[in-house]
Amino acid sequence: MHPQKNDLDSIADVTVIGAGPAGTAMAAFLHRARHGVRVLEATSFPRFVIGESLLPHCMDVLESAGLLEAVKARGYMVKPGALFLRGNERCGFTFGEQHTRGWGWTWQVPRADFDQTLSNEVERLGVPIHWKTSVTAASFDGTPTLEVRDASGARHSVRSRFVVDASGYGRVLPKLLGLDRPSDLPTRMSLFTHVRGDRRPAGDEEGRIWICVHPRGAWIWIIPFSNGLTSVGAVSTPDFFDGFTGSPEEKLRAILASEPSAAARLAGVSFEMDVQTLRGYSASVSQLSGPGYCLVGNATEFLDPVFSSGVTLALESSQRAAGLVSRTLRGDKVDWATDYDAYMASGIDVFRTFVTRWYDGTLGEIFFGPRQDPQIRAQICSVLGGYVWDASNPLVREHARKVPQLARIARDAHA
Ligand SMILES: Cc1cc2nc3c(=O)[nH]c(=O)nc-3n(C[C@H](O)[C@H](O)[C@H](O)COP(=O)(O)OP(=O)(O)OC[C@H]3O[C@@H](n4cnc5c(N)ncnc54)[C@H](O)[C@@H]3O)c2cc1C
């Protein structure tokens, strides 16, 4: 059934909670499959959210969802790859040199604009988005029903044949259904802001993300936008930040000034928004789906920002789940545990190995090692591009074994 704008009372095929990238991609896929879908979004856009550096695999999903052209029209900064910096050492990856045949570039996106672009496009296609409308309770006994407060404060019981939770950091169904599980990663935190006036490298190098290793056990991201602003943030365990005094802005300024590459690039920048603090953002769930619902994007598991995997995993989960929702609505028997939960886990686990091996120093040994085999570099580059389901890549197939093995080879070559 196709719900109309401002109609929360009819039964839709699918109600999507949240209009971030996971929610709008899901809505676009389901709409293209001719299902009646509505989106409920607690805020009104544009709204700030962190998560600004995309990976090439995002382009595949945006294209399949029919959303790529709308994003292209925004003229975002082209991101050709990533540069890791540690003291005087450099390790650059260029997405054009990947093992996987996929997109060779992507974008750096100010999320307020990116998310609004996706939601505008989904509304233009005919999907109603109910702004300032929050989900407060859920029941899956019988017809899936969400209790909702709309923009005027009125309450509704919103019924649908299926519910997709794309509420990101809101984690609506994980909280309401008791699915939340602690992450197996340690608690980390981040301070970040947007700045103006950074000294960018020229030409093709301008759009690369910089990941600078701080000498005292943190890393700093530098993400340049085409609007002249640059996103800057630092990530570490809370005790690292306790070692700096003052306001969040004073702490972030001191952290940037004490890492030579960031200091050289960012000296004299103006901070264009209040410094934001996020802590303990890694999260997990006991299951990604149940009778009448599934979770996509950050409402599922969020690992860590270091390899910019969040939006890619959000989009991939929506594409994968949308096909299964469609089959479920048609009455097919769907094995969600295998075809969704296990599928997503296999890709997320590749990033989990990379994240864990980044923080224990193993990846640093490979990235900054003396000799780099071009084939291995291409395999690493494909993981960094988000192609973590490409089983032809040995680093995807055997990530847990291969990454420490590569570090040993790098160590031996160094000895
Ligand atoms: C420090 C940090 C840096 C990061 N950097 C990157 C990066 O460079 N690249 C990257 O890809 N990812 C990054 N991420 C991850 C990224 O932020 C998320 O993965 C991404 O935003 C997930 O998208 P989503 O659509 O699942 O959720 P969101 O973008 O969070 O969207 C969820 C939407 O649901 C709405 N909502 C919430 N509760 C309710 C409710 N009760 N009712 C209705 N609506 C509701 C919210 O208002 C929101 O608009 C970073 C994360 C952190 C913590």
Side-chain angles (χ1 to χ4, degrees), residues 15-27 38-58 61 79 82 106-112 114-116 118-119 129-138 146-151 158 163-176 183 185 188-193 209-211 219-223 225 231-236 276-283 295-318 321 348 351 384 386:
T15 298
V16 178
I17 311 171
T24 46
M26 172 59 74
R38 66 158 74 88
V39 180
L40 312 177
E41 168 53 50
T43 67
S44 59
F45 284 9
R47 57 94 177 85
F48 176 84
V49 64
I50 195 66
E52 298 149 328
S53 195
L54 303 185
L55 302 183
H57 181 45
C58 285
V61 184
K79 173 187 174 185
T106 185
W107 288 297
Q108 313 281 23
V109 297
R111 284 286 301 279
F114 178 69
D115 289 18
Q116 186 164 40
L118 296 180
S119 64
I129 301 183
H130 298 262
W131 299 103
K132 294 190 179 172
T133 299
S134 291
V135 174
T136 55
L146 299 174
E147 300 305 325
V148 156
R149 202 177 43 242
D150 74 14
V158 173
V163 170
V164 176
D165 185 3
S167 62
Y169 300 104
R171 307 187 67 73
V172 171
L173 292 189
K175 284 180 186 157
L176 292 173
S183 169
L185 297 167
R188 295 199 171 86
M189 66 180 273
S190 178
L191 297 187
F192 50 87
T193 189
I209 183 173
W210 277 24
I211 295 154
W219 61 271
I220 293 164
W221 78 70
I222 303 178
I223 299 173
F225 299 135
S231 174
V232 174
V235 176
S236 190
Q276 313 282 305
T277 306
L278 275 180
R279 184 185 167 129
Y281 35 71
S282 302
L295 318 175
V296 293
N298 257 40
T300 62
E301 172 154 18
F302 179 66
L303 292 173
D304 188 90
V306 64
F307 297 116
S308 307
S309 57
V311 173
T312 304
L313 294 175
L315 291 173
E316 174 69 23
S317 63
S318 286
I348 291 171
F351 275 119
L384 300 183

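Read the numbers this way: they start at 1 and go in the same order the structure lists the ligands and their atoms.
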Student: Does ligand 1 have a heavy atom under 4.0 Å from the side chain of N298, from its backbone, from both, or from neither?
Tutor: both

Student: How far is atom 37 (C) of ligand 1 from the closest protein heavy atom, and which atom is that?
Tutor: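 Answer for atom 37 (C) of ligand 1: S167 O, 3.3 Å.
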
Student: Is T133 in contact with ligand 1, taking contact as a heavy-atom separation below 4.0 Å?
Tutor: yes

Student: Of all the non-hydrogen atoms in the protein, which one sits nearest to atom 42 (N) of ligand 1, and at what distance?
Tutor: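 For atom 42 (N) of ligand 1, the nearest protein heavy atom is V135 N, 3.1 Å.
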
Student: Quick check on contacts: which atoms of ligand 1 are under 4.0 angstrom from a heavy atom of S134?
Tutor: 42 (N)

Student: Which ligand 1 atoms are under 4.0 Å away from a heavy-atom of T43?
Tutor: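 Near T43, meaning under 4.0 Å from one of its heavy atoms, ligand 1 has 47 (O).
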
Student: If the cut-off is 4.0 Å to any non-hydrogen atom of A166, which atoms of ligand 1 fall inside it?
Tutor: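 Near A166, meaning under 4.0 Å from one of its heavy atoms, ligand 1 has 32 (C), 33 (C), 34 (O).
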
Student: Can you name the atoms of ligand 1, numbered from 1 with element, that are less than 4.0 Å from a heavy atom of V311?
Tutor: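 Listed by number with element: 10 (C), 11 (O), 12 (N), 19 (O).
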
Student: Which residue owns the protein heavy atom closest to atom 33 (C) of ligand 1, what's the atom, and how far is it?
Tutor: E41 OE1, 3.6 Å

Student: Please work out, at 4.0 Å between heavy atoms, whether the side chain, the backbone, both, or neither of A299 comes within that distance of ligand 1.
Tutor: neither

Student: Checking a contact table here: which protein heavy atom is nearest atom 31 (O) of ligand 1, and how many Å away?
Tutor: G20 CA, 3.5 Å

Student: Which protein heavy atom lies closest to atom 20 (C) of ligand 1, and at what distance to 0.1 Å?
Tutor: R111 NH1, 3.7 Å

Student: L278 heavy atoms, cut-off 4.0 Å: which ligand 1 atoms fall inside?
Tutor: 53 (C)

Student: Starting from atom 24 (P) of ligand 1, which protein heavy atom do you reach first, and at what distance in Å?
Tutor: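 Going by distance alone, atom 24 (P) of ligand 1 is nearest to A22 CB, 4.0 Å.
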
Student: For atom 50 (C) of ligand 1, tell me which residue out of Y281, F302, F192 has the closest non-hydrogen atom.
Tutor: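 Considering heavy atoms of Y281, F302, F192, the nearest to atom 50 (C) of ligand 1 sits in F302.
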
Student: Please report the shortest heavy-atom distance between V306 and W219, naming the atom on each side.
Tutor: CA-CZ2, 3.3 Å

Student: So which heavy atom on D165 is nearest to which on R171, and how close?
Tutor: OD2-C, 4.1 Å

Student: Could you list which atoms of ligand 1 come closer than 4.0 Å to a heavy atom of V172?
Tutor: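 What qualifies from ligand 1 is 38 (N), 39 (C), 40 (C), 41 (N).
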
Student: Checking a contact table here: which protein heavy atom is nearest atom 44 (N) of ligand 1, and how many Å away?
Tutor: A42 N, 3.1 Å

Student: For ligand 1, is any non-hydrogen atom under 4.0 Å from I50's backbone (N, CA, C, O), its side chain (CB onward), both, or neither?
Tutor: both

Student: Quick one: does ligand 1 sit under 4.0 Å from the side chain of T136, the backbone, both or neither, non-hydrogen atoms only?
Tutor: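 Contact part for T136 vs ligand 1: neither.
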
Student: Looking only at distance, does S308 have an N or O less than 3.5 Å from an N or O of ligand 1?
Tutor: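 Yes: some nitrogen or oxygen of S308 is under 3.5 Å from one in ligand 1.
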
Student: Should you measure from each heavy atom of L40, which atoms of ligand 1 turn up under 4.0 Å away?
Tutor: 43 (C), 44 (N)

Student: What orientation do F48 and F192 show, parallel under 30°, tilted 30 to 60°, or perpendicular over 60°?
Tutor: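 Geometry flag for F192 against F48: parallel rings.
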
Student: Closest approach of N298 and F302, non-hydrogen atoms and distance?
Tutor: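 Heavy atoms only, the tightest pair is OD1-CD1, 3.5 Å.
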
Student: For atom 51 (C) of ligand 1, what is the nearest protein heavy atom, given as residue, atom name and distance?
Tutor: Y169 OH, 3.1 Å

Student: Minimum heavy-atom separation for S119 to F45, with atom names?
Tutor: OG-CD2, 3.6 Å

Student: I'd like to know if G233 contacts ligand 1, where contact means a heavy-atom distance under 4.0 Å to any ligand atom.
Tutor: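 No; G233 lies far enough from ligand 1 that no heavy-atom distance drops under 4.0 Å.
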
Student: Answer with side chain, backbone, both or neither: which part of S53 has a heavy atom less than 4.0 angstrom from an atom of ligand 1?
Tutor: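 S53 to ligand 1: contacts from backbone and side chain alike.
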
Student: Under 4.0 Å, heavy atoms only, figure out whether ligand 1 is touched by the backbone of E52, its side chain, both or neither.
Tutor: backbone

Student: For ligand 1, which atoms have a heavy atom of R47 less than 4.0 angstrom away?
Tutor: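 Answer, ordered by atom number: 29 (O), 31 (O), 48 (C), 49 (O).
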
Student: I need the minimum non-hydrogen distance between G170 and K175, along with the two atoms involved.
Tutor: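 Minimum heavy-atom separation between G170 and K175: O-NZ, 3.3 Å.
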
